[in-house]
Amino acid sequence: MSNDPRRKVLKESVCLLVSESGFTTATDECIETLVEMLQSLLSETGNQTKNFAELAGRTQPVVGDVVMAMINMGMSIKDLDKYATREGRPSARNLNPSKANNPLQ
Amino acid sequence: MENNEQKLTNFGIHRPKETSSGQALSEFLPQLETYTPVIPDAVASYYMNASGLNCSDPRIVRLISIAAQKFISDVANDALQHCKTRSSATQGNNKIQKDKDGKPIKDKKFTLTVEDLAPALNENYGITVRKAHYFV
């Protein structure tokens, strides 16, 4: 068990996504596996994006580099916008509770 | 006339009319300015910095976080399908589960276990999940 605060945030995100998909409980082992995968995926996408940006002679990446990195890793970018704007996504509902739970304003 | 114009712009190459995924993504990009992903920007950009990517554009960080989120959601959905089929196979169709008062339980509670996660990852992504040999 690590005390890294970033891992705790990732764990929270994974738990939110798992509960959104329909699970009520999850074992610690599974959550830890998914957190490790999420961390690894973020690092690898970053690394690949950097490589594609540098290949084109840039130091700052553009969106095309991210797309190329994702395609190179075999991830589909087709339904990304639909996924991001889906109904009842947790970011809109839960992450800003102060706005929703303030009846006095 | 229109056909002729099309030939000129396409240079004799057949290009399908439907919008490509790249186009859809470029339309989605302006929305990212005000989007809040589940993974905070600071955390995502830390891991990207750690792997060598220096990124000042928050849209790029958010795009990568959304892609990572989608991956986890897809895995969780596949695991849920496995969980459902497994529970229905063990339960069989001869018996409906009932609670204390004898009413049938409609909302089943699902638990994410390695038994569901491992086949979901193995079948769809080719990832084999197992404990390291030193892990007892």
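Everything numeric in this text was worked out from a predicted model, so none of it was measured. So you know, we letter chains A, B, ... as the sequences are listed, proteins then strands, and number each from 1.
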Check: A:Thr25 and B:Lys109 side chains under 4.5 Å, non-hydrogen atoms: no
How far does CG of B:Leu53 sit from CD of A:Glu54, to the nearest 0.5 angstrom? 9.0 Å
Less than 4.5 Å apart, any side-chain heavy atom of B:Ser56 and any of A:Gln60? yes
Which atom of A:Asp4 lies closest to which atom of B:Tyr47, heavy atoms considered: OD2-OH, 4.0 Å
So, does A:Tyr83 use its side chain to make a donor-acceptor pair with the main chain of B:Ser73 at under 3.5 Å? no
Rounded to the nearest 0.5 Å, what's the gap from OG1 on A:Thr85 to OH on B:Tyr35? Could you check? 7.5 Å
Please tell me whether A:Val67 and A:Val62 are part of a single hydrophobic cluster in this structure, the criterion being side-chain heavy atoms less than 4.5 Å apart. no
Identify which part of A:Val66 has an atom lying under 4.5 Å from any heavy atom of chain B, answering side chain, backbone, both or neither. side chain
Distance in Å, A:Ser19 OG paired with B:Leu112 CG, rounded so as to fall on 0.5 Å steps: 11.0 Å
Measuring from atom CG of B:Asn77 to atom CD of A:Glu20, what distance do you get when rounded to the nearest 0.5 angstrom? 8.5 Å
Same hydrophobic cluster for B:Val114 and A:Phe23, using side-chain heavy-atom links shorter than 4.5 Å among ILVMFWY? no
Considering only heavy atoms and a distance below 4.5 Å, find which of A:Gly46, A:Gly22, A:Pro5, A:Ala53 pairs most often with chain B. A:Gly46
Please state whether the side chain, the backbone, both or neither of B:Leu32 comes within less than 4.5 Å of a heavy atom of chain A. neither
Answer key: most heavy-atom pairs under 4.5 Å with chain B among A:Val63, A:Val14, A:Val18, A:Thr33 is A:Val63
Contacting region of A:Leu10 [heavy-atom separation from chain B under 4.5 Å]: side chain
Do you know which of A:Ala69, A:Ser13, A:Gly64 has the most heavy-atom pairs with chain B at a distance under 4.5 angstrom? A:Ser13
If I measure from the heavy atoms of chain A, does B:Ala67 come under 4.5 Å with its side chain, its backbone, both, or neither? both
Which atoms of A:Asp65 are under 4.5 Å from chain B, going by heavy atoms: the side chain, the backbone, both sets, or neither? neither
Under 4.5 Å from a heavy atom of chain B, the part of A:Leu41 involved: side chain
Look at the side-chain heavy atoms of Ile, Leu, Val, Met, Phe, Trp and Tyr, link any pair under 4.5 Å apart, and say whether A:Met68 and A:Ile77 land in one connected group. no
Whatever's closer than 4.5 Å to a heavy atom in chain A on B:Ala79 counts as both
Would you say the side-chain atoms of A:Thr24 pair up with the backbone N or O of B:Phe110, donor to acceptor, closer than 3.5 Å? yes
So B:Ile127 and A:Met37, do their side chains get closer than 4.5 Å, heavy atoms only? yes
Segment of B:Val61 engaging chain A (4.5 angstrom heavy-atom cut-off): neither
Taking every non-hydrogen atom, the tightest pair across A:Cys30 and B:Thr113: SG-C, 3.2 Å
Over all heavy atoms of both residues, which pair between A:Asp79 and B:Lys70 is shortest? Give the atoms and the distance, please. O-CE, 3.9 Å
Interface check, chain B: of A:Met70, A:Lys82, A:Glu44, A:Gln39, most non-hydrogen pairs under 4.5 Å belong to A:Gln39
B:Gln31 versus chain A, the contacting section by heavy-atom distance below 4.5 Å: side chain
Using non-hydrogen atoms only, which part of A:Thr49 is less than 4.5 Å away from chain B: side chain, backbone, both, or neither? both
All heavy atoms of B:Phe28 vs all of A:Ala84, minimum pair found to be CZ-CB, 3.4 Å
Interatomic distance, CD1@B:Ile72 vs CG@A:Leu38, rounded to 0.5 Å, equals 4.5 Å
Between the CG atom in A:Leu42 and the CZ atom in B:Phe71, the distance rounded to the nearest 0.5 Å is 11.0 Å
Common cluster, A:Leu34/A:Met73, ILVMFWY with side-chain heavy-atom separation under 4.5 Å: yes
For side chain to side chain contact (heavy atoms under 4.5 Å, CB included), just list the numbers for A:Thr27 and B:Leu117, CA-CA rounded to whole Å, side-chain angles, deciding distance to a tenth of an Å, and then say yes or no. CA-CA 11 Å; A:Thr27 58; B:Leu117 190 67; over 6 Å; no
Using the rule that Ile, Leu, Val, Met, Phe, Trp and Tyr join whenever any side-chain heavy atoms are under 4.5 Å apart, tell me whether B:Tyr46 and B:Ile60 fall into a single cluster. yes
